[in-house]
Amino acid sequence: MRGDGRVRRGPSGGPPPAVPADAARAAEVRAITESSRSLRGPLLPILHTVVERFGYVSDDDIPMIADVLNLSRADVHGVVSFYHDFRRTPAPSHTVTLCRAEACQSVGAGALYAATAERFSEDSGVEVGEVFCLGNCALGPAGMIDGRLHGRLSSDRIEALGEGWTR
Amino acid sequence: MSTVWVSADSAATSVGADEVAEALAVAGITVRRNGSRGMLWLEPLVEVETDDGRVGYANVAAVDIPALIAGGLDGGEVDGLDRIGVVAEYPWLARQHRVSFARVGVTEPTDLTAYIDNGGYAGLARALSLAPEQVVTEVTTSGLRGRGGAGFPAGIKWETVRTATADVKFVCCNADEGDSGTFADRMLIEGDPFTLIEGMTIAAHAVGATEGYIYLRSEYPAAIAVLRRAIDIAYARGYLGAGIQGSDLSFDLEVRVGAGAYICGEETSMLESLEGKRGEVRAKPPIPALQGFFGRPTVVNNVLTLGAVPMILADGGEAYAALGVGRSRGTQVFQLAGNVARGGIVEADFGVTLGELINDFGGGTRSGRPVRAAQVGGPLGAYLPAARFDVPMDYEALAAADAMLGHGGIVVFDDTMDASAMARFAMEFCTKESCGKCTPCRVGSVRGVEVIDRIRAGTDRDANLVLLQDLCTTMTKGSLCAMGGLTPMPVQSALTHFPEDFTGGTP
């Protein structure tokens with residue numbers, strides 16, 4: 001990108017990158033980063049690709065991406081930590097992400113969220129999360145279950161959708 | 001055998017439309033997937049082609065398909081199914097004035113030939129026959145104002161970009177539709193994506209831009225997929241890329257996916273995010289029209305703003321300006337959401353009243369209890385009581401009622417709503433989604449939650465109510481952007497209209 005104002009900021013502090021624990025992953029993250037580096041503002045597309053591929057952004061990914069993009073580790077860490085989507089731990093087997101925004105609250109999403117969090121509180125294979133709006137505001141309560149949007153959710157419906165889940 | 005249409009819109013698929021389409025396909029029926037008509041309470045809506053038009057059956061489940069097929073698929077009554085008649089004549093839909101949403105639900109979203117057959121790309125053809133300044137003049141004449149919430153005149157913004165000098169200019173579409181109660185951007189993109197592509201292409205011609213970006217939120221995976229497919233098709237058919245339709249216009253367009261930050265719907269924060277940075281807002285000036293994406297002149301408009309442009313160019317700015325009231329010209333795509341019996345998309349001329357939308361179109365609450373309030377314009381919008389539903393829906397009338405139009409979302413609440421809980425939620429939402437750059441927003445929202453908790457508990461109530469008003473004033477006047485600046489709007493409107501909800505606890 002012409003004139004994007006970025007200059008190398010010198011040593012990013014801290015020790016040099018340790019040998020990544022997972023060499024294959026490191027090579028792949030480097031390849032992902034290099035293939036997108038010519039985009040204008042490539043960092044978010046790269047991080048999305050890493051999360052799609054591996055489920056999360058690992059500690060070893062950050063210095064690798066920073067190195068290829070000529071950014072400091074702090075820059076990359078700052079971006080990763082700003083956005084909800086760039087999770088830092090491996091994803092669980094199943095995710096139940098319920099909308100807690102106003103439109104869904106008006107049809108009982110608050111109670112549904114509390115009941116669902118309680119229902120799966122002992123279950124390490126299911127992560128119950130919150131989101132603010134999935135754009136399904138006329139058919140609430142809405143939720144994303146394993147990446148698929150559902151409307152008119154209830155505890156019974158969530159239970160039925162979760163039948164047969166292996167963890 | 002008749003062709004059957006089943007919506008592929010995410011709202012429809014969220015309640016089983018894919019399973020319905022699959023059951024039809026397995027039975028050997030030709031199924032086509034349209035966008036949604038926006039009558040979301042009827043989804044999954046199955047439409048059977050007949051000589052009279054497409055006849056609809058509401059709330060169909062996959063288990064109903066054998067009965068539907070046994071009925072002959074002739075558009076007649078079927079036992080156990082809710083036949084609504086010819087869909088285009090259904091009163092709820094026929095009473096609307098569909099301009100931006102004219103094709104949504106009618107055609108297959110990525111069928112470019114159907115798009116053109118239904119009036120698509122007439123606007124671009126006319127725009128390419130005009131000089132850039134004439135295109136801007138048409139948009140200025142139309143009175144089109146930013147549909148994202150701020151309501152800034154689009155023509156003035158475009159003229160600023162057009163007359164700026166730079167090595168490269170951009171058109172960026174803000175599709176980070178994070179407001180609760182809004183889904184029109186999503187439905188337009190999923191249901192008629194070429195409208196947005198055409199609008200952005202016209203904008204590029206008008207201002208001299210060569211590259212465009214659509215910042216689309218990650219919470220909308222179906223919209224991302226449809227839009228990317230549509231862009232590929234537009235490239236293949238010569239509607240994007242170099243020398244569009246044999247003209248001198250070259251325009252490249254790309255979808256960029258957000259990452260779950262509400263604040264990135266604020267235009268400067270969105271630009272930071274597009275550049276690959278934390279989505280922290282910028283101080284203005286400089287305005288994005290002069291120093292936007294990577295410091296270059298940039299048109300930043302919402303999906304519905306750009307989506308209105310093809311019709312404005314095709315029919316002329318005067319035709320669009322003839323609709324609406326006062327300084328709010330054209331149509332607005334209202335979204336009925338929350339606890340509402342008949343929720344969905346109502347596109348109408350500006351000036352329709354809030355009560356007409358909620359009671360006549362919406363049919364009151366889904367729960368069947370009395371309507372107590374509506375929040376208009378998203379999480380930063382005001383809570384209005386039923387007694388104020390006579391307010392006309394236009395920018396100025398809502399401002400006069402200490403409310404705002406925002407993105408046109410209307411969230412209905414029944415009489416079980418607790419206004420102090422909703423006020424607390426407004427502050428809590430701000431604590432979670434503030435970008436953290438300015439103190440009134442970052443710290444003020446945390447203090448707001450604490451103060452409202454004390455008021456709800458009855459602790460030193462009078463002093464804390466004064467403190468809350470003072471805090472709201474600080475946030476309103478001292479915040480860098482609308483996030484901190486407007487979070488007080490739902491809080492103060494709740495205090496004004498529902499003071500009885502703030503008297504709990506024991507003082």
Side-chain angles (χ1 to χ4, degrees), chain A residues 1-6 36 39-49 51-52 69 71 75-87 97 99-110 130-140 142-145 147-153, chain B residues 10-11 13-15 40-41 43 167-168 177-183 185-187 211 213 218-223 256-262 273-280 293-295 335-340 343-344 366-367 375 379 409 411-414 417 422 425 429 432-433 435:
Chain A
M1 169 67 205
R2 287 158 291 176
D4 66 1
R6 293 221 179 257
S36 294
L39 296 175
R40 295 189 197 268
L43 187 49
L44 263 68
I46 290 166
L47 292 170
H48 273 303
T49 308
V51 171
E52 273 163 34
L69 297 184
L71 297 172
D75 280 335
V76 178
H77 174 80
V79 170
V80 171
S81 60
F82 185 85
Y83 296 97
H84 297 295
D85 285 5
F86 303 135
R87 53 179 306 141
T97 310
C99 179
R100 282 194 59 225
E102 290 88 344
C104 286
Q105 283 188 40
S106 76
V107 285
E130 64 177 14
V131 64
F132 296 100
C133 199
L134 295 163
N136 199 20
C137 319
L139 297 175
M144 198 77 95
I145 297 179
R148 188 176 162 186
L149 181 67
H150 292 272
R152 295 181 188 133
L153 278 173
Chain B
S10 341
T13 61
S14 82
V15 288
L40 297 176
W41 80 101
E43 296 289 357
D167 56 342
V168 58
E177 180 183 53
D179 287 355
S180 175
T182 67
F183 42 84
D185 291 355
R186 179 187 64 68
M187 289 189 59
E211 286 180 38
Y213 295 86
S218 63
E219 291 86 348
Y220 288 178
R256 287 292 178 87
V257 179
Y262 174 77
S273 185
L274 271 176
E275 292 182 10
K277 300 174 192 156
R278 294 164 65 86
E280 291 180 356
F293 190 42
F294 284 113
Q335 300 126 82
L336 292 177
N339 194 339
V340 63
R366 194 203 300 176
S367 62
Q375 187 181 26
V411 177
V412 181
F413 291 82
D414 71 13
M417 178 188 88
M422 298 318 294
F425 177 77
F429 182 67
K432 294 187 185 206
E433 296 298 330
C435 80

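To find a chain, count down the sequence lines: A is the first, B the second, and so on, and within it residues start at 1.
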Notebook entry, point to check: Using non-hydrogen atoms only, which part of B:M422 is less than 4.5 Å away from chain A: side chain, backbone, both, or neither?
Noted result: side chain
Next item on the list: Find out whether B:M417 and A:S106 are in side-chain contact, i.e. whether some heavy atom of one side chain is under 4.5 Å from a heavy atom of the other.
Entry: no
Notebook entry, point to check: Checking B:L40 against chain A: side chain, backbone, both or neither under 4.5 Å from a heavy atom?
Noted result: both
Margin query: With a 4.5 angstrom heavy-atom cut-off, is it the side chain or the backbone of A:V76 that approaches chain B, or both, or neither?
Written below: neither
Margin query: For a quick test of reading the model, state the closest non-hydrogen atom pair linking A:L139 to B:A11 and the distance between them.
Written below: CD1-O, 3.5 Å
Check: What heavy-atom pair brings A:F82 and B:A261 nearest, and what distance separates the two atoms?
Finding: CE2-CB, 4.0 Å
Check: Looking at B:R256, B:M187, B:Q375, which one has more heavy-atom pairs under 4.5 Å with chain A than the rest?
Finding: B:R256
Note to self: Can you tell me which of B:G260, B:G343, B:C435 forms the most heavy-atom pairs within a distance under 4.5 Å of chain A?
What the structure shows: B:G260
Note to self: For the interface with chain A, which of B:L336, B:V412, B:V411 has the highest count of heavy-atom pairs at distances below 4.5 Å?
What the structure shows: B:V411
Notebook entry, point to check: What distance separates B:L274 CG from A:L39 CG, expressed to the nearest 0.5 Å?
Noted result: 11.5 Å
Next item on the list: Quick one: pull up CG in A:L43 and CD in B:E275 and give me the separation to the nearest 0.5 Å.
Entry: 12.0 Å
Margin query: As an exercise, state the distance from CG of A:N136 to CD of B:E43, rounded to the nearest 0.5 Å.
Written below: 10.0 Å
Notebook entry, point to check: In chain order, what residues pass the ring pair (Phe, Tyr, Trp, His ring centres under 6.0 Å) check against A:F132, with sequence neighbours excluded?
Noted result: B:F425, B:F429
Notebook entry, point to check: Which atoms of B:D185 come close to chain A, meaning under 4.5 Å heavy atom to heavy atom: side chain ones, backbone ones, both, or neither?
Noted result: neither
Check: So do the side chains of B:F183 and A:C133 get within less than 4.5 Å of each other, counting heavy atoms only?
Finding: no
Checklist line | From CA spacing to verdict: side chain to side chain contact (heavy atoms under 4.5 Å, CB included), B:S273, A:L44 | finding: CA-CA 8 Å; B:S273 185; A:L44 263 68; 3.3 Å; yes
Margin query: Which one wins on heavy-atom pair count under 4.5 Å against chain A: B:G344, B:G258, B:G295, B:A223?
Written below: B:G258
Note to self: For B:S367, give me all partners under side chain to side chain contact (heavy atoms under 4.5 Å, CB included), at least two apart in sequence or on another chain.
What the structure shows: B:N339, B:T365, B:R369, B:D414
Note to self: I'd like to verify something: which residue of A:E102, A:R148, A:R100, A:Q105 has the highest number of heavy-atom pairs under 4.5 Å with chain B?
What the structure shows: A:E102
Notebook entry, point to check: Under 6.0 Å from the NE2 atom of A:H84, do we count more than 12 heavy atoms belonging to anything else shown?
Noted result: yes
Next item on the list: Quick one: closest heavy-atom pair of A:V79 and B:R278, and the distance?
Entry: CG2-N, 3.7 Å
Note to self: Counting C-beta onward and ignoring hydrogens, is there a side-chain heavy-atom pair between A:V107 and B:R366 closer than 4.5 Å?
What the structure shows: yes
Next item on the list: Report the option among B:G279, B:A222, B:G178 that has the most heavy-atom pairs separated by less than 4.5 Å from atoms of chain A.
Entry: B:G279
Notebook entry, point to check: Taking it one step at a time, do B:S14 and A:R152 satisfy side chain to side chain contact (heavy atoms under 4.5 Å, CB included)?
Noted result: CA-CA 8 Å; B:S14 82; A:R152 295 181 188 133; over 6 Å; no
Margin query: For A:F86 versus B:A259, what's the shortest heavy-atom pair and its separation?
Written below: CZ-CB, 3.6 Å
Next item on the list: Considering non-hydrogen atoms only, spot the tightest contact between A:H48 and B:V257 and give its length.
Entry: NE2-O, 3.3 Å
Margin query: For B:E433, which atoms come within 4.5 Å of any heavy atom of chain A: side chain, backbone, both, or neither?
Written below: side chain
Next item on the list: Name the region of B:P221, side chain, backbone, both or neither, that has any atom closer than 4.5 Å to a heavy atom of chain A.
Entry: side chain
Notebook entry, point to check: For A:C137 and B:G181, which heavy atoms make the closest approach, and how far apart are they?
Noted result: SG-N, 3.2 Å
Checklist line | Flag for B:S218-A:Y83: side-chain donor and acceptor within less than 3.5 Å | finding: no
